[in-house]
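Report on one structure; see the data block that follows.
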Amino acid sequence: MTTLVTGGAGFVGANLCERLIADGETVIALDNLVTGRASNLAALESNPAFTLITHDLNEELPELPRLDRIYHCASPASPPEYQKFPIETLLVNAEGTRRLLDRAVEDGARFLFTSTSEVYGDPLDHPQREDYRGHVSSTGPRSMYDESKRYAEALITAYAGRYGIETRIVRIFNTYGPHMAPHDGRVVSNFIVQAIKGEPLTMYGTGQQTRSFQYVDDLIEGMVRLMNSSYSGPVNIGNPNEFTMLELATKVLAKTGSQSEIEFLPLPVDDPNRRRPDITLAKTLLGWEPRVSLDEGLTKTIAYYRSQVLGEVAAG
Ligand code: UDP
């Protein structure tokens with residue numbers, strides 16, 4: 001099985017590459033290394049079944065062997081990063097997806113797209129089921145991400161209809177774990193790195209907004225099961241365990257033993273007030289549900305960031 005993972009050096013991509021190699025697949029990772037890091041793939045570097053190609057999906061695809069499967073994970077995903085690269089984010093989800101779909105048609109490859117809970121915007125329905133159509137702004141500060149993911153879902157559906165290719169759409173809810181860059185900007189990495197360094201934890205707003213965080217291994221298991229299934233509609237993969245950002249900060253401080261203060265900063269515009277997946281569909285279709293508790297996941301993630309922060313100190 002030859003599998004292409006776009007965004008292979010990113011947070012989700014690198015975890016996925018490790019899993020697919022362990023499963024015995026031949027894996028080609030593409031990444032332009034704008035938000036991804038080659039160091040995420042260090043453990044696979046010398047594996048003959050693995051190749052990393054530095055490539056921007058906004059250009060024509062490089063020469064590749066015939067592909068059996070494509071996981072399209074390339075896209076900035078952290079709000080500060082997609083806001084820093086708005087046009088690139090729109091294009092990788094729109095034009096990048098189109099290029100890969102053309103290739104899937106050519107090779108008869110099965111195609112999985114990493115969509116997002118952000119297609120639900122600042123949701124009025126709670127928890128969010130796949131048939132909820134969302135509450136999204138087409139011009140707001142998150143629009144480059146939300147709307148390009150929504151467009152990609154529509155494009156994929158149209159390609160599947162016209163060309164009969166096998167497509168899968170995973171809507172990923174907040175995820176954390178190893179391989180997310182310490183300076184990614186998302187809340188779990190920010191809080192842990194700040195706690196380890198003894199810096200104030202940057203709390204946006206009152207901290208009463210909620211999210212439901214899953215550990216990355218659970219996400220990867222869900223993605224692989226979805227790829228192996230025969231279901232082409234969107235499927236939520238996330239952990240329904242919902243908590244406030246203040247609860248998260250308190251837990252991070254306790255688990256790191258940090259004396260950091262909590263600093264309250266303005267809430268970004270259009271920051272969703274709450275988010276929790278309804279995972280009935282994933283449970284029924286894939287027999288999937290999250291297995292890693294927040295405590296266990298945070299322990300592993302804190303260990304990861306301690307090694308990253310030590311690495312930074314060592315590098316000066
Ligand atoms: N957040 C925070 N401090 C940070 C980063 C994020 O309080 O340093 C908040 C953010 O405003 C949001 C929640 O944490 O309410 C989750 O943010 P994240 O960027 O991780 O993901 P998303 O907003 O895309 O769900």
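Order of appearance sets the numbers: ligands from 1, and atoms from 1 within every ligand. Computation of the quantities below employed the complete heavy-atom set of this structure, encompassing side-chain atoms and omitting hydrogens, waters and symmetry-equivalent molecules.
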(message) Heavy atom to atom 23 (O) of ligand 1, shortest distance: which of R274, R142, E118 holds it?
(response) R142
(message) Parallel, tilted or perpendicular, judged at 30° and 60°: which one describes the rings of Y120 and Y132?
(response) parallel
(message) Just to verify, which of T6, D31, N32 counts as forming a side-chain contact (heavy atoms from CB on, under 4.5 Å) with L57?
(response) T6
(request) Could you check I237, I279, V224 and say which one makes a side-chain contact (heavy atoms from CB on, under 4.5 Å) with L286? (result) I237
(request) Take R66 and D68, measure what salt bridge (charged side-chain N to carboxylate O under 4.0 Å, His left out) needs, and give me the verdict at the end. (result) CA-CA 7 Å; R66 195 193 147 273; D68 297 299; 3.0 Å; yes
(request) Please check if any side-chain donor atom of H55 sits under 3.5 Å from a side-chain acceptor atom of E60, or the reverse. (result) no
Against heavy atoms of [X], which atoms of ligand 1 measure under 4.0 Å?
X	answer
F191	3 (N)
G185	5 (C)
N174	21 (O), 22 (P), 25 (O)
N190	4 (C), 5 (C), 8 (O)

(message) Do Y204 and P266 have side chains that approach each other closer than 4.5 Å (heavy atoms only, starting at C-beta)?
(response) no
(message) Less than 4.5 Å apart, side chain to side chain, heavy atoms only: is that true for V188 and L298?
(response) yes
Counting non-hydrogen protein atoms only, what is the nearest one to [atom]? Give residue, atom name and distance.
atom	result
atom 3 (N) of ligand 1	T202 O, 2.6 Å
atom 9 (C) of ligand 1	Q209 NE2, 3.8 Å
atom 10 (C) of ligand 1	D271 OD2, 3.3 Å
atom 7 (O) of ligand 1	Y204 N, 2.8 Å
atom 13 (C) of ligand 1	M245 SD, 3.8 Å

(message) Measuring from non-hydrogen atoms of R275 to any atom of ligand 1, is the shortest distance under 4.0 Å?
(response) yes
Under a 4.0 Å heavy-atom limit, does [X] contact ligand 1 with its side chain, its backbone, both, or neither?
X	value
L201	neither
V187	both
R186	both

(message) Would you say the ring centers of F213 and F243 fall short of 6.0 Å from each other?
(response) yes
(message) Ring centroids only, cut at 6.0 angstrom: are F113 and H72 within range, meaning strictly under it?
(response) yes
